[in-house]
A.B. asks: 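One structure, pasted below without further comment.
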Amino acid sequence: MQILFSDDFRKSIKKHSAIKNVIKKKVDMIISDPITLGEPLKGNLRGFYSCPVKKSFLIIYVYCYICRRKGDDKVILCSDCYEQNDDTIKFVAFGPHDETYNKTEKK
């Protein structure tokens, strides 16, 4: 499995370093079972999954296999979509609930 982290995701982890261990555990859980653990998003965020980390914090990610199977790759339009294999998870954003959704919608 290939795991990718966006620059925004990395910056957010540094910003919220107090819960870094909790984030790492959740990332590991997502990697081991990306479909069951995450919640598929709708509307402008179709194709993305969200997973709560702690109270109001969440992770937003894309699992390429499901994205392509559902046809969501035509909605998300990742610039590197066809360079990645199906077994890729892209961690896109992390942070407080509303802030993270707003950042992801603007991409």
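Quick note: numbers below take in every heavy atom, side chains included, and nothing from hydrogens, waters or symmetry partners. Fair warning: this is a prediction, and the values are worked out from it, not measured in the lab. Numbering starts at 1 and runs along the sequence shown.
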A.B. asks: Under 4.5 Å between side-chain heavy atoms, hopping through other hydrophobics if needed: is there a path connecting Ile31 to Phe9?
C.D. replies: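 Yes: a chain of side-chain contacts under 4.5 Å links Ile31 to Phe9.
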
A.B. asks: For residues His16 and Pro96, report the shortest heavy-atom separation together with the two atoms involved.
C.D. replies: NE2-CD, 4.0 Å

A.B. asks: Is any side-chain heavy atom of Phe94 closer than 4.5 Å to one of Ile19?
C.D. replies: yes

A.B. asks: State the CG-CZ distance between Asp86 and Arg69, to the nearest 0.5 angstrom.
C.D. replies: 4.5 Å

A.B. asks: Donor-acceptor check, side chain of Ser12 to backbone of Asp8, threshold 3.5 angstrom: yes or no?
C.D. replies: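 Here the side-chain-to-backbone pair exists.
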
A.B. asks: Is a side-chain N or O of Ser32 found less than 3.5 angstrom from the main chain of Met29, in a donor-acceptor match?
C.D. replies: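 Side chain of Ser32 to backbone of Met29, a donor-acceptor pair under 3.5 Å: yes, one is there.
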
A.B. asks: Rounded to the nearest 0.5 Å, how far does NZ of Lys14 lie from OG of Ser17?
C.D. replies: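 Here the rounded value is 10.5 Å.
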
A.B. asks: State plainly whether one hydrophobic cluster holds both Met1 and Leu4, where clusters connect Ile, Leu, Val, Met, Phe, Trp and Tyr through side-chain heavy atoms under 4.5 angstrom apart.
C.D. replies: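 Different clusters.
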
A.B. asks: Using atom types as modelled, flag every donor-acceptor pair under 3.5 Å from a side chain in residues 52-64 to any protein atom, sequence neighbours excluded.
C.D. replies:
{"unit_1": "Tyr61", "atom_1": "OH", "unit_2": "Pro34", "atom_2": "O", "d": "2.6"}
{"unit_1": "Tyr61", "atom_1": "OH", "unit_2": "Gly38", "atom_2": "N", "d": "3.3"}

A.B. asks: Considering all heavy atoms of both residues, which atom of Gly71 and which atom of Arg46 are nearest to each other, and what is their separation?
C.D. replies: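 Between these two residues, the closest heavy atoms are O-NH2, 3.9 Å.
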
A.B. asks: For Tyr49 and Lys70, work out which heavy atoms get closest and say how close.
C.D. replies: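 Nearest heavy atoms, Tyr49 then Lys70: OH-NZ, 3.9 Å.
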
A.B. asks: Please step through salt bridge (charged side-chain N to carboxylate O under 4.0 Å, His left out) for the pair Asp7 and Lys11, ending with a clear verdict.
C.D. replies: CA-CA 6 Å; Asp7 290 339; Lys11 286 178 190 174; 6.0 Å; no

A.B. asks: Taking side chain as C-beta onward, heavy atoms only, is Glu39 less than 4.5 Å from Cys51?
C.D. replies: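 No; the side chains remain at least 4.5 Å from each other.
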
A.B. asks: In terms of heavy-atom contacts, does CZ of Phe5 have more than 12 from other residues, nucleotides or ligands at under 6.0 Å?
C.D. replies: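 Counting other residues, nucleotides and ligands, CZ of Phe5 exceeds 12 neighbours.
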
A.B. asks: Answer yes or no: is there a side-chain heavy-atom contact under 4.5 Å between Thr88 and Tyr65?
C.D. replies: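 Answer no - side chains too far apart.
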
A.B. asks: Which residues satisfy the salt bridge (Lys or Arg N to Asp or Glu O under 4.0 Å) test with Asp80, sequence neighbours excluded?
C.D. replies: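 Listed in chain order: Lys90.
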
A.B. asks: So, do Ile13 and Lys24 sit near enough that their side-chain heavy atoms are less than 4.5 Å apart?
C.D. replies: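 Result no, sub-4.5 Å side-chain heavy-atom pair not found.
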
A.B. asks: To the nearest 0.5 Å, what is the distance between CD1 on Ile30 and OG1 on Thr36?
C.D. replies: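 OG1 of Thr36 is found 12.0 Å from CD1 of Ile30.
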
